[in-house]
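For reference, the structure is listed below as structure tokens.
Ligands are counted one by one from 1 in listed order, and the atoms in each one are counted from 1 as well.
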Amino acid sequence: MRFVHDTLPQRVCFGSGEAAANLSNEIGKLGASRVMLIAATAEVDLADAVVKDVPVALRHHDVVMHVPVEVAARAREAAAKHDIDALVSVGGGSTTGLAKAIALTTGLPIVAVPTTYAGSEATPVWGLTEGAKKTTGTDSRVLPRVIVYDATLTMSLPVEMSVASGLNALAHCVDSMWAPNADPVNAALAAEGIRSLAAGLPKVVADPMDLDGREHALYAAYLSAAAFASAGSGLHHKICHVLGGKYNLPHAQTHATVLPYVLAFNGPAAPDAERRIAVAFGGAEAASRAGGAEAASRAGGAGPVSTAGALDGLVALKRELNAPRALADYGFTEDSVAEAAEAILPSVPPSNPRPVTAADLRALLHAAWSGADPATVF
Ligand code: NAD
């Protein structure tokens with residue numbers, strides 16, 4: 001076994017009902033006295049309760065998904081005008097993303113309080129959008145110094161969004177298994193992330209106020225993002241990046257829809273990854289839920305686990321969660337399939353477990369567009 005693994009310097013405070021106390025403590029440690037609170041309009045009530053003991057000098061609610069450059073410019077100006085010395089983001093990936101845009105040019109420290117499972121808080125990746133083009137980059141200045149996780153803050157996230165966001169986290173885990181910098185450390189984080197999401201998300205769907213389910217999902221969101229931050233973007237993320245940027249598809253739902261097709265395509269060429277994914281989904285038990293005794297025997301026991309084991313686990317979970325199924329439901333059209341395939345092809349990682357052709361991408365995208373059974377596509 002040989003690998004080089006970077007662990008990111010970041011403090012993680014996890015405690016349900018403890019966000020206000022943890023945040024105040026961490027802001028004190030940073031010595032900050034003029035905090036800029038960033039929270040989207042839908043997140044204001046959550047944020048107000050969390051920052052009650054924090055010296056807030058400015059409240060900023062002008063948050064837009066994918067961080068348009070003009071939104072970033074306004075936020076940077078406001079931070080400079082108010083002599084801000086720390087940024088606190090309370091919200092989903094879009095809110096964290098705006099804090100990162102400010103930190104990118106100012107170096108201000110971020111304390112992130114996430115309220116979805118997007119995981120941006122655990123990565124040094126920033127994104128900005130100009131017109132229809134989204135640019136991303138990696139910079140250590142945008143990695144939040146501290147993450148304050150509090151599962152009670154996620155209880156108001158509607159079930160549908162919780163499912164899509166949770167599958168966004170699942171996509172980080174699965175793609176981390178074969179991304180360009182995949183290694184045994186991020187594979188272990190990813191496997192535990194899959195296990196915890198598979199345990200937590202059904203509970204959230206059954207009862208959005210189920211604290212145990214919410215904690216499992218939030219803990220998994222962190223693991224998934226830590227794995228992804230280290231492993232980098234694999235085929236799945238390259239596909240979703242193009243779909244999101246070029247066709248303005250919703251981020252989490254696009255990930256949730258495309259993931260099974262990438263697993264069906266890559267799985268057979270990555271047997272170790274596939275085995276770990278199958279086991280993390282609950283192995284024989286998950287496969288049995290999806291496909292009965294035959295699938296259970298494929299996934300179970302000490303013997304080799306086929307693609308069907310991993311894919312059955314994912315398909316069974318998605319069915320249980322009533323998760324997004326077809327890109328057609330989110331505005332992607334059949335006549336965009338060929339164009340999207342050509343746009344994705346140049347960004348396919350050379351290290352992908354199997355070569356990818358334009359025809360492969362067309363088949364994958366067509367199936368994702370229609371919501372076809374992923375087991376029958378490749
Ligand atoms: P989001 O932040 O846009 O949130 C979706 C909606 O849910 C918003 O209206 C938001 O205000 C609302 N919301 C958030 N938390 C809530 C809560 N607890 N209760 C009720 N409503 C709540 O969506 P997202 O999926 O979290 O983030 C997507 C963005 O994050 C995209 O721009 C994506 O590119 C980015 N992202 C970046 C990284 C990275 O590493 N840089 C990783 C993942 C996602």
Hey, does [X] come in under 3.5 Å of ligand 1, counting only N/O atoms on both sides?
| X | result |
| --- | --- |
| His172 | no |
| Trp126 | no |
| Thr95 | no |
| Ala118 | no |

Atoms of ligand 1 less than 4.0 Å from [X] heavy atoms?
| X | result |
| --- | --- |
| Ala42 | 11 (O) |
| Leu46 | 17 (C), 18 (N) |
| Ser120 | 37 (C), 38 (C), 39 (C), 40 (O), 41 (N), 42 (C) |
| Gly92 | 2 (O), 26 (O) |
| Leu153 | 18 (N) |
| Met65 | 3 (O), 32 (O) |
| Thr123 | 39 (C), 40 (O), 41 (N) |

Contacts of Pro114 meeting side chain to side chain contact (heavy atoms under 4.5 Å, CB included) (sequence neighbours excluded), chain-then-number -> Glu121, Ile147, Tyr149
All heavy atoms of Ala229 vs all of Leu8, minimum pair found to be CB-CD1, 3.8 Å
Correct closest heavy-atom pair for Ala39 and Val63 would be C-CG2, 4.0 Å
Can you tell me the protein heavy atom closest to [atom] and the distance?
| atom | answer |
| --- | --- |
| atom 25 (O) of ligand 1 | Met161 CE, 3.6 Å |
| atom 3 (O) of ligand 1 | Ser94 OG, 2.6 Å |
| atom 24 (P) of ligand 1 | Gly93 N, 3.6 Å |
| atom 10 (C) of ligand 1 | Glu43 OE2, 3.2 Å |
| atom 21 (N) of ligand 1 | Leu157 CD1, 4.1 Å |
| atom 26 (O) of ligand 1 | Thr116 OG1, 2.6 Å |
| atom 17 (C) of ligand 1 | Ser156 OG, 3.5 Å |
| atom 44 (C) of ligand 1 | His251 NE2, 3.5 Å |

- Parallel, tilted or perpendicular: rings of His237 and His172 (30°, 60°): parallel
Value for OG (Ser230) from NE2 (His5), rounded to nearest 0.5 Å, stands at 4.0 Å
Rounding to 0.5 Å, atoms CD1 (Ile84) and OG1 (Thr106) come to a distance of 10.0 Å
With sequence neighbours left out, the residues meeting salt bridge (Lys or Arg N to Asp or Glu O under 4.0 Å) with Asp83 are none
Problem set entry | Short side-chain donor-acceptor distance under 3.5 Å, Thr95 and Glu43 | yes
Is there a donor-acceptor contact under 3.5 Å linking the side chains of Tyr219 and Arg214? no
Q. Would the number of heavy atoms belonging to other residues, nucleotides or ligands and lying under 6.0 Å from CD of Glu339 be above 12?
A. yes
Looking at ligand 1, does Lys100 have a heavy atom less than 4.0 Å from it? yes
Item to check | Under-4.0 Å heavy-atom contact between protein and atom 8 (C) of ligand 1 | outcome: no
So for Lys134 against ligand 1, with non-hydrogen atoms under 4.0 Å, the contacting part is side chain
- Does a salt bridge link Asp62 with Arg74, judged by any charged N lying under 4.0 Å from a carboxylate O? yes
ask   = Would Lys100 and Asp139 pass as an ion pair if we require N to O under 4.0 Å?
value = no
request  = Kindly indicate whether a cation-pi arrangement holds for Arg195 with Phe281, taking the cut-offs as under 6.0 Å to the six-membered ring centre and within 45° of the axis.
outcome  = no
